[in-house]
Number of protein chains: 2
Amino acid sequence: MITLSEENYLKAILSINLDTKAIVSTNEIANVLDTSAASVTEMIKKLQEKKLVIYKKYKGVTLSKSGCKKAIEILRKHRLWETFLVNKLDFKWSEVHDVAEELEHIKSQKLTDKLDHFLNYPKFDPHGEPIPTKNGIIHPTKRITLSEMVVNSNGIIMGVSLDDKEFLDYLTKLNISIGSNIEVIERITFDQSMKIKIECKPEHISQDVAKNILIKIIK
Amino acid sequence: MITLSEENYLKAILSINLDTKAIVSTNEIANVLDTSAASVTEMIKKLQEKKLVIYKKYKGVTLSKSGCKKAIEILRKHRLWETFLVNKLDFKWSEVHDVAEELEHIKSQKLTDKLDHFLNYPKFDPHGEPIPTKNGIIHPTKRITLSEMVVNSNGIIMGVSLDDKEFLDYLTKLNISIGSNIEVIERITFDQSMKIKIECKPEHISQDVAKNILIKIIK
DNA sequence: AAAATTATTTAGGCTTGCCTAAAAATATAT
DNA sequence: ATATATTTTTAGGCAAGCCTAAATAATTTT
C-alpha cells in the first residue's frame with residue numbers, strides 16, 4: 001500500500017524530472033513539497049525500501065520503473081480530474097488545481113478509466129498539458145508561445161505557462177480558453193504587443209500576456 | 001481543520017443516530033469503525049474539544065449542532081458521488097460504495113454544489129437513500145418492499161436492500177433500475193411470487209427478489 | 001445489596017510523517 | 001590544497017491515531 005504522502009513525493013520527483021530532468025536532490029524535493037530536507041531524506045529511504053526510487057546517499061534520487069509508473073498514474077488522474085472540473089462542472093481554469101490535488105489520490109483504476117471514457121479520452125488538460133495515456137505514455141508537446149507567433153498565422157490555444165489567478169481571470173474575460181482559435185493580425189514593434197483575433201473577435205494584448213499563452217500552430 | 005479520521009467518526013455517529021437514534025455509546029462507534037473502544041474514547045475527547053460532539057464520561061455521545069451539520073455534509077457528498085458514479089460513469093450499484101467512501105472527503109463546497117447541479121439535483125442515491133439538501137435536510141423516506149405492495153398499486157423503484165452482484169445483475173436484466181415505474185398485476189398466493197409490470201413490460205418475479213426491492217408508493 | 005459481568009476509560013506503546021539542531025559529506029573559493 | 005560554505009544526513013522530539021492491558025464505572029444477576 002502506498003500512502004498519500006508517498007504519492008506526493010513521487011509526484012514531486014516526477015515533476016522535477018519533467019522539467020529539469022535527471023537526478024533529483026533532496027533539497028529540490030523539499031522545496032517543491034515545502035518541507036524540510038531532513039524529512040525528505042527520511043521518506044526517500046522508505047520509498048527505496050518499497051523499490052519506488054533509486055537512491056544513493058548524498059547523490060540524489062531517481063524514480064524506479066514502478067515508481068515512475070505510479071507517479072504518471074497520479075499525474076494522469078490529476079489532469080483527468082482537472083478536465084472533468086472544467087469541461088463538465090464548469091469550473092474556471094484558475095480554480096481547479098487544489099481540488100484536483102485531492103482527487104488525484106482516489107484509488108480506483110476503474111474510476112480513472114471510466115472518467116477517461118466519460119470525458120471522451122481527452123489528450124490535453126485545461127492548462128494544455130498532455131494527459132498521460134492508460135499505459136503511461138506522456139505525449140510530448142511542441143508548443144510555442146503566442147508572443148512567438150508570426151503575423152497572419154493561426155493557432156489553437158493549448159494552455160498557459162503561468163498559474164496566476166489574476167492572469168487566468170483576465171484570460172477568461174478575454175474569452176481565451178483551451179481550444180480557442182487564434183489569429184495574429186499585427187505586432188506593434190514598439191512594445192511587442194499584439195493585435196489578435198480570438199474566435200474571430202479582435203483583441204489587443206500586451207507582450208506580458210502573450211508570452212504566457214501556449215499555442216499549437218495550425219497554419 | 002477537520003481530519004479524515006474525525007470525519008469518519010462523525011459519519012459513524014450520524015449513521016447510528018439515523019437508525020437506532022439517541023445517544024451513541026463508544027462501543028457502538030468502535031463496532032462501526034472496526035476499531036477499539038479505547039481509540040474511540042480518545043477521539044471523542046478531541047471532537048469534544050472542537051465542539052463537534054457532546055460527551056459525558058461513561059454516558060455516551062451525541063453530535064453537536066456543528067458536528068451534525070458536518071456529518072450530514074459528508075453523507076450528502078457520499079450520496080452525490082454514488083449518484084455520479086452510477087448515472088454518469090456507468091458503475092453498477094454494487095461497485096460504488098468504496099469509491100464514494102473516498103470521494104466524500106474531498107473538501108470543496110463549490111465542488112459539491114456544482115456536482116449537485118451537474119446531476120440535476122437528485123433526491124435519491126442509487127440505493128434509494130435520500131440525498132441531504134445543501135441546507136442539511138434529509139427528507140425521510142417511507143419505503144416498503146415490493147413484496148409488501150398490494151395488487152393494482154403503482155410505485156417507483158427507490159433502491160435495493162441487498163448488495164449482491166448476482167441479484168443486481170438479474171435486476172439489470174429485468175430492466176429494473178432506480179426510478180423505474182412498477183405496477184403490481186397479481187400475487188400468486190401459493191409461493192408469494194408476483195406478476196408485475198416494469199415500465200409497462202410484464203414480468204414475473206419470486207418473493208425472494210421482491211422482498212429486496214424498495215418502493216415508493218405513488219398511487 | 002453484594003457479587004459478577006460488561007462497558008468505558010486510563011496508561012503506556014507503536015508507527016507515520018513531520019520538525020530543529022548538530023554532524024558529516026560534498027562543493028566552492030582562496 | 002586548505003579553508004569555507006553549502007548540502008545532506010543523523011539524532012532526538014512531537015502530534016495524530018491507532019493498539020493492548022489494566023483500572024474503574026455501570027449494569028445485571030443472584
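We name chains A, B, ... by the order of the sequence lines, and we start the count at 1 in each one.
- Atom CG in A:Asn27 sits about 18 Å away from atom P in C:dA25, given to the nearest Å.
- A heavy atom lying under 4.0 Å from DNA chain C marks the following residues of residues 30-43 of chain A, by number: A:Thr35, A:Ser36, A:Ala38, A:Ser39, A:Glu42, A:Met43.
- Taking the ring pair (Phe, Tyr, Trp, His ring centres under 6.0 Å) definition, one finds that B:Phe84 meets it with A:Phe84, B:Trp81, sequence neighbours left out.
- Salt-bridge annotation for A:Lys114 and B:Glu95: absent, with no side-chain N of the basic residue lying under 4.0 Å from a carboxylate O of the acidic one.
- No donor-acceptor contact under 3.5 angstrom links the side chains of A:Thr83 and A:Asp125, judged on distance only.
- For the pair B:Leu47 CG and C:dT9 P, the computed distance is 13 Å after rounding to whole Å.
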Look for any protein N or O under 3.5 Å of an N or O in nucleotides 3-6 of chain D and output each such pair with its distance, or none.
none

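- Rounded to an integer number of Å, the gap from B:Ile44 CD1 to C:dA7 C1' is 15 Å.
- In this structure, B:Lys46 places its NZ atom 9 Å from C1' of D:dC18, rounding to the nearest Å.
- Shown here are the side chain to side chain contact (heavy atoms under 4.5 Å, CB included) partners of A:Ile188, two or more places apart in sequence or in another chain: A:Glu186, A:Phe190, A:Asp191, A:Ser193, A:His204.
- Straight-line distance from the NZ atom of B:Lys45 to the P atom of D:dA16: 14 Å, rounded to whole Å.
- In this entry the distance linking CG of A:Asn8 with C1' of C:dT16 reads 14 Å, nearest Å.
- Looking at B:Arg76 and B:Asp113, a side-chain N of the basic residue comes within less than 4.0 Å of a carboxylate O on the acidic one, giving a salt bridge.
- Per the geometry, CE belonging to A:Met1 stands 15 Å off C1' belonging to C:dT16, to the nearest Å.
- At a cut-off of 3.5 Å, with distance as the only test, no side-chain donor of A:Ser5 or A:Thr3 sits close to an acceptor on the other residue.
- Counting to the nearest Å, the C1' atom of C:dT8 and the CD1 atom of B:Ile23 are 15 Å from each other.
- The stretch residues 44-54 of chain A participates, sequence neighbours left out, in these salt bridge (Lys or Arg N to Asp or Glu O under 4.0 Å) pairs: A:Glu6-A:Lys50.
- Look at B:Thr26 and you'll find a side-chain N or O under 4.0 angstrom from OP1 or OP2 of C:dT9.
- Other residues, nucleotides and ligands contribute more than 12 heavy atoms inside 6.0 Å of the CD atom of B:Gln109.
- An OP1 or OP2 oxygen of C:dT16 is reached within less than 4.0 angstrom by no side-chain nitrogen or oxygen of A:Thr3.
- Contacts of residues 51-61 of chain B with DNA chain C (heavy atom under 4.0 Å): B:Tyr55, B:Lys57, B:Tyr58.
- Residues B:Ile137 and B:Ile72 have side chains not in contact (no heavy-atom distance under 4.5 Å, counting atoms from C-beta outward).
- Salt bridge B:Lys77/B:Glu73: absent, no basic N to carboxylate O contact under 4.0 Å.
- For the pair B:Leu85/B:Val99, a side-chain contact is recorded, criterion being any heavy-atom separation below 4.5 Å from C-beta on.
- Between A:Ser5 and the phosphate of C:dC18, there is a side-chain N or O to OP1/OP2 separation shorter than 4.0 Å.
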